[in-house]
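Note that ligands are numbered from 1 as they come in the structure, with each ligand's atoms numbered from 1 the same way. Because the structure is a prediction, the values reported are computed rather than measured. The analysis underlying the following values was restricted to heavy atoms, covering all of them including side chains, and did not include hydrogens, waters or symmetry mates.
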Amino acid sequence: MKLGRLNHVGVATPSIEQSLELYRTMFNAEPHGPAFDLPAQGVRVCFVDTPNSQIELIEPLGDHSPVAKFLEKNPLGGQHHMCFEVPDIQIAKAEFEANGARVLGEARIGAHGTLVFFVHPKDMGGVLTEIMETPKAAN
Ligand SMILES: CC[C@@H](C(=O)O)C(=O)SCCNC(=O)CCNC(=O)[C@H](O)C(C)(C)COP(=O)(O)OP(=O)(O)OC[C@H]1O[C@@H](n2cnc3c(N)ncnc32)[C@H](O)[C@@H]1OP(=O)(O)O
Ligand SMILES: [Co+2]
């Protein structure tokens with residue numbers, strides 16, 4: 001499998017609004033669009049564009065958010081995951097598994113509307129890694 005483009009860096013935050021204020025002040029940056037809820041993923045999301053990628057601000061949503069425990073340990077928030085694109089999600093999943101990495105659950109629809117899965121940080125040098133199928137129009 002060929003490693004694709006860095007789609008986004010996920011940044012966990014207790015407050016998307018406060019984080020946006022920080023990006024405005026420090027970088028004169030505005031959000032790509034309004035924040036939105038992804039209940040199936042247990043997060044509220046907002047993107048900030050960079051010239052070559054995106055920052056994905058993620059705030060916990062609901063009682064079982066995967067970000068809640070991270071924020072307990074890191075109350076200010078912090079870098080949570082990196083997301084790389086691949087051309088075919090099922091081939092990528094099979095290859096990670098064949099290499100002995102723990103894929104966390106099944107592939108599911110992510111914030112960009114294509115399938116994503118996560119690889120356990122302990123099998124990726126301490127980095128929670130999201131793998132995302134490249135949107136068809138971008139191929
Ligand atoms: C917006 C949708 C989507 C998109 O399309 O972009 C998203 O990005 S959603 C993002 C949120 N979703 C997820 O994170 C799903 C995958 N995550 C998980 O399944 C779990 O959070 C986890 C990674 C398996 C962690 O398990 P958990 O039980 O929650 O926490 P622990 O504290 O027990 O963690 C075990 C171990 O791993 C270390 N850890 C946890 N999170 C991270 C992290 N983000 N980066 C690096 N390391 C992490 C944690 O510190 C523990 O290590 P030890 O303390 O050494 O045991
Ligand atoms: Co993400």
Side-chain angles (χ1 to χ4, degrees):
M1 176 191 58
K2 195 165 173 294
L3 182 65
R5 173 178 173 269
L6 175 67
N7 182 277
H8 63 262
V9 174
V11 173
T13 172
S15 163
I16 284 177
E17 283 315 312
Q18 283 177 18
S19 291
L20 286 177
E21 198 46 48
L22 189 66
Y23 278 78
R24 251 180 223 115
T25 305
M26 298 296 181
F27 295 120
N28 204 20
E30 290 298 327
H32 178 85
F36 56 97
D37 293 350
L38 278 178
Q41 307 270 9
V43 288
R44 183 165 174 76
V45 188
C46 190
F47 285 101
V48 175
D49 293 335
T50 75
N52 59 349
S53 192
Q54 285 186 310
I55 306 297
E56 180 185 65
L57 298 171
I58 44 176
E59 188 185 294
L61 179 74
D63 294 337
H64 305 290
S65 173
V67 191
K69 213 164 167 183
F70 182 91
L71 285 174
E72 273 171 33
K73 291 183 183 173
N74 307 278
L76 286 176
Q79 188 179 319
H80 182 262
H81 64 271
M82 291 205 292
C83 175
F84 298 102
E85 294 182 12
V86 295
D88 186 307
I89 199 84
Q90 297 305 343
I91 290 175
K93 182 169 179 286
E95 289 190 15
F96 273 101
E97 287 169 340
N99 283 320
R102 279 165 289 177
V103 170
L104 299 161
E106 290 303 314
R108 50 191 188 263
I109 296 291
H112 290 89
T114 69
L115 288 167
V116 305
F117 65 80
F118 287 85
V119 185
H120 201 288
K122 297 293 182 193
D123 298 335
M124 283 300 293
V127 179
L128 176 60
T129 302
E130 179 181 351
I131 302 296
M132 165 189 162
E133 190 162 273
T134 306
K136 289 296 175 224
N139 271 333

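Lys69 CD, 3.8 Å is the protein heavy atom nearest to atom 29 (O) of ligand 1. Regarding atom 4 (C) of ligand 1, its nearest protein heavy-atom neighbour is Glu130 OE2, 3.0 Å. Protein heavy atom in closest approach to atom 6 (O) of ligand 1: Glu56 OE2, 2.6 Å. Shortest contact from atom 5 (O) of ligand 1 to any protein heavy atom: Ala111 N, 2.7 Å. In terms of protein heavy-atom proximity, atom 41 (N) of ligand 1 is closest to Phe70 CD1, 4.2 Å. When only non-hydrogen protein atoms are considered, atom 11 (C) of ligand 1 lies nearest to Pro66 CG, 3.7 Å. Shortest contact from atom 46 (C) of ligand 1 to any protein heavy atom: Gly126 O, 3.2 Å.
Atom 13 (C) of ligand 1 is flagged as protein-proximal [any protein heavy atom, distance under 4.0 Å]. Within the 4.0 Å cut-off (strictly below), a protein heavy atom is located near atom 2 (C) of ligand 1. Counting only heavy atoms, the protein gets under 4.0 Å from atom 44 (N) of ligand 1. Within the 4.0 Å cut-off (strictly below), no protein heavy atom is located near atom 20 (C) of ligand 1.
Using a 4.0 Å cut-off between heavy atoms, Lys122 contacts ligand 1 through its side chain alone, with no backbone atom that close. Contact annotation for Arg108 and ligand 1: only side-chain heavy atoms (C-beta onward) come within less than 4.0 Å of the ligand.
Transitive grouping of hydrophobic side chains (ILVMFWY, heavy atoms separated by less than 4.5 Å) keeps Val103 and Phe118 in distinct clusters. Put simply, Leu115 and Ile131 are part of the same group of oily side chains (I, L, V, M, F, W, Y) that touch within less than 4.5 Å, one to the next. The same ILVMFWY cluster, assembled from side-chain heavy atoms under 4.5 Å apart, contains both Ile109 and Val119. In terms of hydrophobic clustering, with Ile, Leu, Val, Met, Phe, Trp and Tyr side chains grouped at heavy-atom distances under 4.5 Å, Leu71 and Val45 are assigned to a common cluster. Ile55 and Phe47 fall into different hydrophobic clusters, where Ile, Leu, Val, Met, Phe, Trp and Tyr residues are linked whenever their side-chain heavy atoms come under 4.5 Å apart, directly or through other members.
Considering both main-chain and side-chain atoms, His81 comes within under 3.5 Å of ligand 1 through a nitrogen or oxygen pair. Polar contact check, Leu38 against ligand 1: no nitrogen or oxygen pair lies under 3.5 Å apart. At a 3.5 angstrom cut-off on N or O pairs, His80 counts as close to ligand 1.
For the Co ion (ligand 2), the nearest N, O or S atom contributed by His81 is named NE2. Here the N, O or S atom of Glu56 that is nearest to the Co ion (ligand 2) is OE1.
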Check the pair His80, Glu56 against side chain to side chain donor-acceptor pair (under 3.5 Å), reporting the backbone distance first and the verdict last.
CA-CA 10 Å; His80 182 262; Glu56 180 185 65; over 6 Å; no
Steps toward side-chain contact (heavy atoms from CB on, under 4.5 Å) verdict (Leu104, Leu128)
CA-CA 10 Å; Leu104 299 161; Leu128 176 60; 4.1 Å; yes
For Val48 and Leu20, run side-chain contact (heavy atoms from CB on, under 4.5 Å): C-alpha distance rounded to whole Å, both residues' side-chain angles, the deciding distance at 0.1 Å, then the answer.
CA-CA 8 Å; Val48 175; Leu20 286 177; 3.8 Å; yes
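Close contacts of ligand 1 with Val45, meaning ligand atoms under 4.0 Å from a residue heavy atom, involve 1 (C). For ligand 1, the atoms lying closer than 4.0 Å to a non-hydrogen atom of Gly110 are 5 (O). Interface of His8 with ligand 1, defined as ligand atoms under 4.0 Å from a residue heavy atom, comprises 6 (O).
Nearest-heavy-atom check against atom 10 (C) of ligand 1 across Phe36, Phe117, Phe118, Phe47 picks out Phe118. When Gln41, Lys73, Gln54 are checked for heavy-atom proximity to atom 34 (O) of ligand 1, Lys73 turns out nearest. The heavy atom nearest to atom 24 (C) of ligand 1, out of those in Val43, Asn74, Thr114, Leu104, is found in Leu104. Of the candidates Ala68, Gly10, Pro121, it is Pro121 that places a heavy atom closest to atom 42 (C) of ligand 1.
Within the 2.8 Å limit, His80 places no N, O or S atom next to the Co ion (ligand 2). The Co ion (ligand 2) has no N, O or S atom of Cys83 closer than 2.8 Å.
Counting heavy atoms of neighbouring residues, nucleotides and ligands inside a 6.0 Å radius, atom NE2 of His32 does not exceed 12 of them. Counting non-hydrogen atoms of other residues, nucleotides and ligands closer than 6.0 Å to CG of Asn52 gives a total above 12. Within 6.0 Å of CD on Glu95 lie more than 12 heavy atoms contributed by other residues, nucleotides or ligands. Within 6.0 Å of the CZ atom in Phe36, the count of heavy atoms belonging to other residues, nucleotides or ligands exceeds 12.
Residues His81 and Ile58 are in side-chain contact: their nearest non-hydrogen atoms beyond the backbone lie under 4.5 Å apart.
Gln54 and His112 are linked by a side-chain donor-acceptor pair at a separation below 3.5 angstrom, with hydrogens and angles left out of the test. Side-chain N/O atoms of Thr134 and Glu85 include a donor and acceptor closer than 3.5 Å.
Checked by atom type and distance alone, the side chain of Ser53 pairs as donor or acceptor with a backbone atom of Leu6 at under 3.5 Å.
Salt bridge annotation for Glu72-Lys69: absent, with no cationic side-chain nitrogen under 4.0 angstrom from a carboxylate oxygen.
Taking 4.0 Å as the cut-off, Gln79 does not count as a neighbour of ligand 1 on heavy-atom distance. Assignment of His112 to the shell around ligand 1 is not supported, since no heavy atom sits closer than 4.0 Å.
With the Co ion (ligand 2) as the vertex, NE2 (His8) and OE1 (Glu130) define an angle of 90°, rounded to 10°.
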